[in-house]
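First listed ligand is number 1; within each ligand, the first listed atom is number 1.
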Amino acid sequence: MNVWGVSTKDVVRLVRAGLIAAGAELAGLALMATAAWLLLKAAEQPPLASLTVAIVAVRTLALLRGGLRYAERLAGHEVVLRYLGALRTRVYTALLPHRVSRHSGGDLVTRLVSDVDAVQDAILRCLLPAGVAAFVGAVSTAVALVLSPVAGLVLAFGLLVTGAGLPWLCVRITRAAAAESAPARADLAERSVELITGRRELIAYGVHESTVDAAHTAVDALAVRDRATANRTSLLTATGMLVQLLTCVVIALTAGVSAPLTAALALGALAVFELVLPLTAAAQRWVEVRTSAERVRALLTEPSPARGSAVPEPGHLRLEGVSVVFGGRAPALDGVDLDLPPGKRVGILGPSGAGKTTLLNVLLGSVAPTSGQASLNGRALDEYDSALLPSVVSGALADAHVFHTTVRENLLLAKPGAADAELLAACSTAGFDLPLDREVGSDGDALSGGQRQRLILARAVLSAPPILVLDEPVEGLDPEHGDAVLADVLAATRGTVVLVTHRESQVAGFDEVLRLG
Ligand SMILES: Nc1ncnc2c1ncn2[C@@H]1O[C@H](COP(=O)(O)OP(=O)(O)OP(=O)(O)O)[C@@H](O)[C@H]1O
């Protein structure tokens, strides 16, 4: 299977970009060598006619190098941006089926943005330069071997040391350093998240200063390690430059050809090294991008959970002997039966941790039973298209997301195109009285806890699904106000209702009350 989705066209485009880049570099190299030859030859004061070809070549090569460099930038970026656009879509599509269960928000962003960007670096900063350097290095060595076998051998040796030996050492050093500092980096990341998200609590309990100090210590320790690694890799870069210099000097001393040709060989060699020297830094970047590329590959090769395609219709929802076990712990739900014909109202009661929210998640199809069956109209819930299931079963859950926009936009999610009057009617039923144009902040930060809850409730009222599930929808309100809001919501609801609550009085008059725990 072609995990990376690289088409033949992509390969052709990449090779084309590589060849143009190699052409630009070879033109630069030839320019340097010809100019060096021309200068020394001119010093011998030969007839001008014997220099004409070289003079024209210098001008042509200078123009050619500029033109090809420009074309190479265009071709290289075109292939990479085109490919990355497609890759990002594939990563997004692969992430979707796992979004609820597997990855945190930060992890999703990292996979979608940074990891895919790293693949761009792998192509533009590592693979392409390495390919071009190998090609140009081979061509220049071949030319040098023809002009002076000794110079050719010296150049080949120097290029191998700089283009292969030093990058290999750099990979080893960087890998070892990354492995050594990984626990310290993870520790620092954890401390940083604690400092940001738990700042208020750390201050309240008087440990903010000490936590900041501990984070500083972790940063300092990491900085010391990073400096040590940077020193070692800088030493490799310096070694590369030394090899470059020595190669040129040895070529100049041992080439055994005329002075102008020796100058051309030595300066040409100097120019080839300019292409090969950056490979040490590219090798360092390669180590970093490999981790990201591995993550992208793991995601693309991960089998997607089976996804149903049946179209759900309103009707009879049923749980039969449903158990849910999270990661080898005690069951969150244990053999629950629940029969929900159209129009039935069921209250779910139980102490904290009894599995009430888990039960609602099973009804919504977002948690699959570990054993037993959850079915709609006789078909297992996972046979239905999960994107369509909310049109039949949805409601107000405590962890529902509130989008960083206005009240109106948040409500319109539930019923796109609804008129303001309809939105206001739903708000009034849910006891939510803020203006529709009010910005609610990131995840409802600019609302009080109770307002946030009622906005979520208003959204549920507006969507009016045939089966409405409500998870302690008025828990944050004072009991009297909460009861009144709930009574209004229930009065406005025609279909099936499943209400999770801690207050027995709220389910008085319901068709069934299920006690968990
Ligand atoms: N995603 C999850 N991963 C692991 N354990 C979970 C997960 N969701 C719930 N649990 C565990 O399952 C049990 C039931 O949780 P659930 O949220 O359903 O209880 P609850 O009755 O709704 O509690 P509360 O009234 O406090 O909201 C708890 O022990 C909880 O720790």
Side-chain angles (χ1 to χ4, degrees), residues 95-108 190 193 197 201 302 304-305 317-338 340 345-374 381-382 386 389-390 393-402 443-444 448-450 452-457 459-460 467-479 482-483 485-486 489 496-508 510 512-517:
L95 277 171
L96 273 182
H98 305 292
R99 68 195 185 282
V100 182
S101 52
R102 300 287 299 279
H103 308 293
S104 67
D107 190 28
L108 285 175
E190 208 170 294
V193 171
T197 55
E201 285 70 17
E302 198 170 355
S304 297
L317 191 58
R318 193 194 289 265
L319 303 186
E320 290 162 286
V322 164
S323 299
V324 174
V325 179
F326 290 110
R329 303 187 200 165
L333 275 184
D334 197 6
V336 172
D337 294 311
L338 185 61
L340 292 168
R345 295 192 168 193
V346 174
I348 313 283
L349 294 174
S352 179
K356 303 183 293 295
T357 303
T358 306
L359 174 66
L360 293 192
N361 281 325
V362 172
L363 294 175
L364 290 163
S366 53
V367 167
T370 315
S371 62
Q373 165 108 324
L381 283 187
D382 59 15
S386 57
L389 209 52
V393 200
S394 69
L397 293 194
D399 62 355
H401 189 72
V402 171
D443 199 17
S448 74
R452 186 180 186 286
Q453 211 174 12
R454 277 171 283 157
L455 175 58
I456 293 169
L457 190 55
R459 217 158 54 180
I467 302 170
L468 178 70
V469 298
L470 300 171
D471 193 1
E472 307 186 38
V474 290
E475 192 59 19
L477 305 183
D478 67 82
D483 286 351
V485 168
L486 188 60
V489 171
T496 311
V497 176
V498 181
L499 170 67
V500 163
T501 177
H502 279 116
R503 283 163 51 83
E504 190 126 15
S505 62
Q506 288 179 346
V507 292
F510 271 43
E512 183 183 336
V513 174
L514 179 66
R515 289 171 203 278
L516 296 176

Asker: If we check side chain to side chain donor-acceptor pair (under 3.5 Å) with Glu472, which of these qualifies: Arg503, His502, Gln506?
Answerer: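 It is His502, the one option of Arg503, His502, Gln506 that forms the side chain to side chain donor-acceptor pair (under 3.5 Å) with Glu472.
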
Asker: Hey, does the side chain of Thr370 reach the backbone of Val325 with a donor-acceptor pair shorter than 3.5 angstrom?
Answerer: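 Yes.
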
Asker: At less than 4.0 angstrom from any non-hydrogen atom of Thr358, what atoms of ligand 1 do you find?
Answerer: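 By the 4.0 Å cutoff, the relevant atoms are 14 (C), 15 (O), 16 (P), 18 (O).
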
Asker: Please tell me if atom 30 (C) of ligand 1 is touched by the protein, where touching means a protein heavy-atom distance below 4.0 Å.
Answerer: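 So far as the 4.0 Å threshold goes, atom 30 (C) of ligand 1 is out of reach of every protein heavy atom.
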
Asker: Given Thr357, Thr501, Leu516, Leu360, which has its nearest heavy atom closest to atom 17 (O) of ligand 1?
Answerer: Thr357

Asker: What closest approach, in Å, do Val500 and Asp471 show between heavy atoms, and which atom pair accounts for it?
Answerer: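 Heavy-atom minimum between the residues: CG1-OD1, 3.3 Å.
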
Asker: Could you tell me whether some N/O pair between Phe326 and ligand 1 is separated by less than 3.5 angstrom?
Answerer: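 For ligand 1, there is no N or O atom that lies under 3.5 Å from one belonging to Phe326.
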
Asker: Starting from atom 26 (O) of ligand 1, what is the nearest protein heavy atom, named by residue and atom, and what distance separates them?
Answerer: Ser352 OG, 2.6 Å

Asker: Under 4.0 Å from a heavy atom of Arg329: which atoms of ligand 1 are those, numbered in the order shown and with their elements?
Answerer: 4 (C), 5 (N)

Asker: What are the two closest non-hydrogen atoms of Gly395 and Ala460, and how far apart are they?
Answerer: C-CB, 3.7 Å

Asker: Compute the shortest N/O to N/O distance between Gly353 and ligand 1 and return yes if it is under 3.5 Å, no if not.
Answerer: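 Among all N and O atoms of Gly353, at least one is under 3.5 Å from an N or O of ligand 1.
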
Asker: What are the atoms of ligand 1, with element, lying closer than 4.0 Å to any heavy atom of Glu472?
Answerer: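 The list of qualifying atoms is 25 (O).
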
Asker: Could you check atom 12 (O) of ligand 1 against the protein and tell me its nearest heavy-atom contact, residue, atom and distance included?
Answerer: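 Going by distance alone, atom 12 (O) of ligand 1 is nearest to Ala332 CB, 3.3 Å.
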
Asker: Which heavy atom of Ala374 sits nearest a heavy atom of Leu319, and at what distance?
Answerer: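 The pair with the smallest heavy-atom distance is CB-CD2, 3.5 Å.
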
Asker: Within the 4.0 Å heavy-atom shell around His502, which atoms of ligand 1 are there?
Answerer: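 With His502 as reference, the close atoms of ligand 1 come out as 25 (O).
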
Asker: Apply the side chain to side chain contact (heavy atoms under 4.5 Å, CB included) test between Leu360 and each candidate in Val498, Val393, Leu470, Val367; give the one that qualifies.
Answerer: Val498

Asker: What residue and heavy atom of the protein are closest to atom 25 (O) of ligand 1, and at what distance?
Answerer: Lys356 NZ, 2.8 Å

Asker: With distance as the sole test, does Lys356 use its side chain to make a donor-acceptor pair with the main-chain N or O of Gly350 at under 3.5 Å?
Answerer: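 Such a contact is found between Lys356 side chain and Gly350 backbone.
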
Asker: Checking the side chain of Asp443 only, and the main-chain atoms of Val402 only, is there a donor and an acceptor separated by less than 3.5 Å?
Answerer: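 Judged by distance alone, yes, a pair lies under 3.5 Å.
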
Asker: Considering heavy atoms of the protein only, find what lies nearest to atom 19 (O) of ligand 1 and give residue, atom and distance to 0.1 Å.
Answerer: Gly355 N, 3.3 Å

